[in-house]
Amino acid sequence: TAFPEDNMVADRLRILRQPRLRRRALTVLTNTVNSLIVPGFGVLVSLLVVRRGSTELWGAFVAVMIYVQLAAHIIGWGNKEYLLRAFSFSPAHIAREWQTSLITRLALLIPVGAVVVMLSPSPALAGLSLAWCAGLVLYQANDVLILYRKDFVYSIIIELAAIALLVGAVMWQGPNLTVSNLVFWFALTAWLKAAAFLLRYRGHVLAHRAGRFWLPYFRVALLFFLLGFSGLLQSRVDLYAVNYYLPPTQVGQYQVFINLMLYLQSISAFILMPFAKTIYRLDTTTIARMSIRLLALGIAIVVPGLVLAYAVLIHLYQYAVPPAAMLLGGLMVLPSYFYLPIIYSFFRANRQIVVLAVNLIGIAASLALSVSLLPRIGMAGALTASAASQWLMLAIYVVWGRRLRNQGTPPLETAPVAK
């Protein structure tokens, strides 16, 4: 329905005055803040470590962090997405589903933890890394409860308290900071956050001992795990390559830079998140038009975002960043603004396997180019590889998305919950 332009603003204001829509808008806002607060303040923590310690120290810490976080993600095994679906289909058995998922997944802590220990350069750091990984697993097990109960305000409070602890620890230890110190403080905050959430939800998921070890969980949650895991690898494979080929100082510089770029990239997801239910009801042609509009919006966001990121890198981190690096960063960020709505169209058609396939192609391309270019041109090679893989993924999504449109809009399918 078309509205006269002079009545459009007044009409939207009247809608927003409705209590139910105001509550929805508040939920969207708090969820966005909750999602952005950790990476946002992660930039602050890295800045403090670089200024109070050194870039080399931060780079050595990143070498530990990326493997600990990867291990925690593997042990997570798609639990948030799987449990969201399970809770929706069986709200009377939330405690059973949550406990069963956690008990089953904790079995992975032994083999995955053993790899973390083997990758650690010292026994003391191995123990701290394993403790950090276990704390992350317990903390991340609460993500689904936060989302299901829309408990974003409490989560923001806990995250702010954890960040304050980390900032205080870095400021207190200052020049005495070591990699082991940093791992200890990050592990401690992970355990404290896990305890705060478990205490919060004790009546929700811990009141009854309803869970059990259930081996089929790994099979029924496999697709959720593969989608998340491939997405994680696709966004970090260049950082793994940088960590392998370059010294700690350059690893630290690259991690700071790429984190700022990923922060800009993630905004595309937060823009679409409030409209996910609506997108699932749209036909593929309408979603294609939405991709063009989101790309235009992305340009308007990314260009000033790159200027701000450049100022932060130059003036706060005091890194000598060439303008060409910012251009490559922008080229890496922009494609997601176009292809994200197309991903929703594949989810709508129950073709998640297509998204998994594109992620795997992106991982292979980024890794191959990184291995080829990093020894020759250093960090610029990793950036080139990351940007090229994003544009390759965009091209594939455009081609396969056009085929999906030519096949017509399929009916919306609802996947059953595994019993």
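Every value quoted in this text rests on a predicted model; they were computed, and no experiment measured them.
- The two residues Y337 and L264 make their nearest non-hydrogen contact at OH-O, 2.7 Å.
- Counted within 6.0 Å of OH on Y244, heavy atoms from surrounding residues, nucleotides or ligands total 12 or fewer; the atom is thus considered open.
- Counting heavy atoms from C-beta on, the side chains of I258 and L383 come closer than 4.5 Å.
- Side-chain contact of D238 with Y254: a donor-acceptor pair under 3.5 Å is present, judged by distance alone.
- Across all their heavy atoms, S389 and A365 have their closest contact at CB-CB, 4.3 Å.
- Formation of a donor-acceptor pair under 3.5 Å by the S345 side chain with backbone atoms of I342 is found in this model.
- Other residues, nucleotides and ligands contribute over 12 non-hydrogen atoms within 6.0 Å of the NZ atom of K193.
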Identify every side-chain donor-acceptor pair in residues 36-59 under 3.5 Å, counting partners at least two apart or on other chains, and give the distances.
{"unit_1": "S46", "atom_1": "OG", "unit_2": "G42", "atom_2": "O", "d": "3.4"}
{"unit_1": "S46", "atom_1": "OG", "unit_2": "V43", "atom_2": "O", "d": "2.7"}
{"unit_1": "S46", "atom_1": "OG", "unit_2": "Y317", "atom_2": "OH", "d": "2.6"}
{"unit_1": "R51", "atom_1": "NH1", "unit_2": "L316", "atom_2": "O", "d": "2.6"}
{"unit_1": "R52", "atom_1": "NH2", "unit_2": "M171", "atom_2": "O", "d": "2.8"}
{"unit_1": "S54", "atom_1": "OG", "unit_2": "L57", "atom_2": "N", "d": "3.1"}
{"unit_1": "T55", "atom_1": "OG1", "unit_2": "Y319", "atom_2": "OH", "d": "2.9"}
{"unit_1": "W58", "atom_1": "NE1", "unit_2": "Q255", "atom_2": "OE1", "d": "2.7"}

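- Between the side chain of Q140 and the main chain of H73, no donor-acceptor pair closer than 3.5 Å is present.
- Inter-residue side-chain proximity for S370 and V237 is flagged as unmet; no heavy-atom pair is nearer than 4.5 Å.
- In this structure Y201 satisfies the ring-ring contact (aromatic ring centres under 6.0 Å, His included) test with no other residue, sequence neighbours excluded.
- The side-chain heavy atoms of V355 and Y397, taken from C-beta on, include a pair separated by under 4.5 Å.
- To the nearest 0.5 angstrom, T284 atom OG1 is 8.0 Å from R348 atom CZ.
- To the nearest 0.5 Å, atoms CZ (R236) and CG (L232) are separated by 5.0 Å.
- At least one donor-acceptor pair closer than 3.5 Å links the side chain of R105 to the backbone N or O of S101.
- Under the 3.5 Å distance criterion, the side-chain polar atoms of S230 are matched with a main-chain donor or acceptor of L226.
- With hydrogens and angles disregarded, a donor-acceptor distance shorter than 3.5 Å links the side chain of T189 to the backbone of W185.
- The shortest distance between side-chain heavy atoms of T100 and F213 does not fall below 4.5 Å.
- Going from atom CG of L306 over to atom CG of L260 covers 10.0 Å, rounded to the nearest 0.5 Å.
- Although no hydrogens or angles enter the test, the distance criterion places no donor-acceptor pair under 3.5 Å between the side chain of S366 and the main chain of I363.
- The CG atom of N142 sits 15.5 Å away from the OH atom of Y148 when rounded to the nearest 0.5 Å.
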List the atom pairs, with distances to 0.1 Å, where a side-chain N or O of residues 106-125 and a protein N or O form a donor-acceptor pair under 3.5 Å, not counting sequence neighbours.
{"unit_1": "S120", "atom_1": "OG", "unit_2": "V116", "atom_2": "O", "d": "2.9"}
{"unit_1": "S122", "atom_1": "OG", "unit_2": "L125", "atom_2": "N", "d": "3.2"}

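- Classified by interplanar angle (parallel below 30°, tilted 30° to 60°, perpendicular above 60°), the ring pair F61/W132 is parallel.
- Contact between Q99 and G211 at its shortest, heavy atoms only, is OE1-N, 3.0 Å.
- When each of F225, F224, Y82 is checked for a ring pair (Phe, Tyr, Trp, His ring centres under 6.0 Å) with W77, only F225 meets the rule.
- Between F338 and L294 there is no side-chain heavy-atom pair separated by less than 4.5 Å.
- With rounding to the nearest 0.5 angstrom, the CE atom of M332 is 7.0 Å from the CE atom of M261.
- The shortest distance between side-chain heavy atoms of N243 and Y67 falls below 4.5 Å.
- Contact check for F197 versus S155: side-chain heavy atoms found under the 4.5 Å cut-off.
- Judged by distance alone, with hydrogens and angles left aside, the side-chain atoms of N79 form a donor-acceptor pair with the main-chain N or O of G76 at under 3.5 Å.
- With values rounded to the nearest 0.5 angstrom, Q352 atom CD is found 6.5 Å from L227 atom CG.
- The shortest distance between side-chain heavy atoms of Y245 and V371 falls below 4.5 Å.
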